[in-house]
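Convention: sequence-line order gives letters A, B, ...; per-chain numbering from 1. Please read these numbers as outputs of a predicted model, since none were measured by experiment.
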Number of protein chains: 4
Amino acid sequence: MPTQPLTALKPRKTPSQSRSRVTVDAIYEATIQVLLSRGMAGLTTTGVAERAGVSVGTMYQYFPNKQSLVYALNERFLTTLAERVEATCAQMQGRSIAEAAEALVDTYWAAKTERPELTRALYRSVAELETDALLRAFAARVDKATTDMFCRASDFRSPDAGEVNLLLTTVIYGSVRNAFERGLGQEEIAGLKSGLKAMCRAYLEAVGN
Amino acid sequence: MPTQPLTALKPRKTPSQSRSRVTVDAIYEATIQVLLSRGMAGLTTTGVAERAGVSVGTMYQYFPNKQSLVYALNERFLTTLAERVEATCAQMQGRSIAEAAEALVDTYWAAKTERPELTRALYRSVAELETDALLRAFAARVDKATTDMFCRASDFRSPDAGEVNLLLTTVIYGSVRNAFERGLGQEEIAGLKSGLKAMCRAYLEAVGN
Amino acid sequence: MPTQPLTALKPRKTPSQSRSRVTVDAIYEATIQVLLSRGMAGLTTTGVAERAGVSVGTMYQYFPNKQSLVYALNERFLTTLAERVEATCAQMQGRSIAEAAEALVDTYWAAKTERPELTRALYRSVAELETDALLRAFAARVDKATTDMFCRASDFRSPDAGEVNLLLTTVIYGSVRNAFERGLGQEEIAGLKSGLKAMCRAYLEAVGN
Amino acid sequence: MPTQPLTALKPRKTPSQSRSRVTVDAIYEATIQVLLSRGMAGLTTTGVAERAGVSVGTMYQYFPNKQSLVYALNERFLTTLAERVEATCAQMQGRSIAEAAEALVDTYWAAKTERPELTRALYRSVAELETDALLRAFAARVDKATTDMFCRASDFRSPDAGEVNLLLTTVIYGSVRNAFERGLGQEEIAGLKSGLKAMCRAYLEAVGN
DNA sequence: AATGAATGAGAGTTCATTCAT
DNA sequence: CATGAATGAACTCTCATTCAT
């Protein structure tokens, strides 16, 4: 898989005029629609343009290639997610680690659950993209926020904040994803979520926090 | 995403003759090679046939279409994985839940780590396939085994084995996948694995097992 | 190749105002720049407009279509070339045919060599254009001048001036072009030029001039 | 203009089977037809395939891209031309330089005039191709043959055969091309040809051959 | 008069699949 | 049975040209 230069995935022009803004938003939304209705394999440039009500040419003025469409979607989604996590982290400053962890579970879960179909589609879309860099950047950003939160927790005394952070975030993010992949009902989801929190709590108590 | 009839993904004939067996195996291996070297997008039928040293026509004798190649790969991999998990479950009969959980972590982790690149490739390949049914079948099979194991654990007293099982397996499988997605070093992986075990243990103790 | 009406290749308006003149000149120059840097295939209307620092719309005010850009370039170049040849012809009135021929070699060669890259680019551009009419007009104009010059040469006694003219000009123009197509060094070029002159002289002497 | 690797212009497979041979020949001929009827700009891959009576896919099995079609045409033509020149050179061994030069004029002229429209089309096609290498190779090959011929001429005494060769070939090849570009009648062509020969003869006599 | 966003026909190219040999 | 040449629908992307602002 040849690695593409990142620039090739970035939108071509930042829409400053209002007309452009509308166009770009329409394309974003159309990409989501097509992704949901026809899946990643059925996502064609003409299909997206048609759904967006613009010509292919117009679309290509804002997105240099097909990949950039999905890339932009992921970028948007991840940015929002990161902001939410950061907000939670800021809010949880000085609380106990357990409380912080539980809040993280809630925030992450909520963000992913808001548009479950989109979440699922994006999870899948990632597989075909050169999104490694994007994901890594996102992970770094979020890790920084959560590590900070854990460090400044009222009861923090672990020698290595990074280790705690890695464990908790891996378990939380991974569990959320896996929960998504099983087709679970409301009740099961609720049980899973509280179970996950309980696990985090129990672990932190056990290691002395 | 139009759902395809499952039969279209199954190999066309079960190779009984030894020559066929060799051919099919070559195709399997070639699919893996191409998947690893060129990624899912670079996986072409002619490419696989070439690598396998057979003609496209011959390949189509055994695999009805392109998807079936990757489908078969996943099926093989998941079957092996299921067998391993079942073996572990059988072996852990009568031990404590915590021990069982830890053994599950070890088995699952080991299976996924054996050919990390292939694991990664298959994780990704799933996104583009109609593998939901396959995955569900795998999940059901494995869940049965683990639930059984937990039920018959020496210290089992939870009213709902399914709930415990869902939580533990979701956390374990999810964490492993997430660990895979971060590019971690040996040391971090080791820490993560023992941390995951500790979490399971702590949780089980906390809920009275 | 459908023949286009010649009018479609002419600049739309003769720029009388000074601002327009500047704009048109900028476009001319930009066309050259792009032609040299990206070749005929890389010559796009937006590319030229950008380089010229004007909008596509403005460009289309002065040039009705893409072809007209290159057409105009050729026209300019050929006009200048014709003027130079005419000047030489005027200057050589009354001299011997051999001297006239040599002067023609010098003038033509110098004109083509002044901006060799541009010459090369224009030679190539012609292939893709409906420039036959333009070239014919140029040829007629120049032939008239040179035929005149030969007719009025001090030692002219050939029965058919047109024939002599056709031979000499064909050989001269053709040789210059061919010399351009081989990638020759300074020394070879000098040798070629003096050789060409010698040929003309020898021929004229041999036929009695 | 980025230089392309030469390999990209070479036919993909050498047709060994007779069916393939027919196909490839049909494509060659179709390329010529389209080139003549619609010009270089009107040469499309689908157009050629259609004219050849094959599918685009088939065409792409033998020619890796559009350029390679025209490239192959030029290659064929130039090879034939080179062979003819070489044959003439072999035949003219030991004759006088003047006779050799005249024979060269005849051969070259005849080869170019055989299919005048094709010659014209190929002259033009060259402009848009990365044929520099091809042309250089052809020039080197032909120059070698003609230089040899001149060296071994019965009356050869010039100190530098290369110089004589360069002059004569440049004048001959250039004149032929220029003659092609003017739309000349039979009579003028005949006059031009004999004039060109006379020039060569006169020159050689003048310099002592 | 100038702008440049929008257009969309149409280009080149790929590749899963078939079927005559 | 095996082969691999042939197919052609479908895809991505370009760019000359227009016209509302």
Hey, where does DNA chain E pair up into stems, meaning at least three consecutive Watson-Crick or G-U pairs with distances under 3.5 Å?
-> E:2-21 with F:2-21
Would you indicate which nucleotide in F/dA5, E/dG12, F/dT14 comes nearest to any side-chain atom of D/Y62?
-> F/dA5
Apply side chain to side chain donor-acceptor pair (under 3.5 Å) to D/T58 and list each qualifying residue two or more places apart in sequence or on a separate chain.
-> D/S55
Verify whether the ring centers belonging to A/Y28 and A/F63 lie closer than 6.0 Å.
-> yes
Look at C/T44 and F/dT14 and indicate whether a side-chain polar atom (N or O) is within less than 4.0 Å of OP1 or OP2.
-> no
Report the distance from atom CG of D/L122 to atom OG1 of D/T131, rounding to the nearest 0.5 Å.
-> 10.5 Å
Grab the CD-P distance between B/E50 and E/dA16 for me, whole Å please.
-> 13 Å
Closest non-hydrogen atom pair, A/L118 against A/L36 = N-CD2, 3.8 Å
Per C/V56 side chain, nearest of listed nucleotides F/dA5, F/dT17, F/dT12 = F/dT17
Round to a whole Å and report the spacing from OH of B/Y60 to C1' of F/dA2.
-> 16 Å
Separation between CD of C/E117 and CD1 of C/I32, rounded to the nearest 0.5 Å = 12.5 Å
Of all heavy-atom pairs linking B/V34 and B/R51, the shortest is CG2-CB, 4.2 Å
Interatomic distance, A/M40 CE vs F/dC11 C1' [rounded to whole Å] | 14 Å
Starting from the 5' end of DNA chain F, give me the residue, C/G57 or A/L43, whose nearest nucleotide shows up first.
-> A/L43
Across the strands shown, which category fits D/L69 at heavy-atom distances under 4.0 angstrom: base, sugar-phosphate, nothing?
-> nothing
Would you mind telling me which of F/dT17, E/dT3, F/dA2 lies closest to the side-chain atoms of B/Q61?
-> F/dA2
Quick one: C/F63 CZ to F/dT18 P, roughly how many Å, whole number?
-> 16 Å
Ranking B/T46 and C/T46 by the position along DNA chain F of their nearest nucleotide, the one closer to 5' is B/T46
Comparing nearest nucleotides in DNA chain E, the 5'-proximal residue of the pair D/T45, A/M59 is A/M59
Distance below 4.0 Å between C/T58 side-chain N/O and E/dT3 OP1 or OP2 | yes
Distance test, side-chain N/O of A/S55 to OP1/OP2 of E/dT7, below 4.0 Å = yes
On a heavy-atom basis, the closest approach of A/M59 and A/L69 is CE-CD1, 3.9 Å
Looking at F/dC15, E/dT17, E/dT13, which one has an atom nearest to any side-chain atom of D/N65?
-> E/dT13
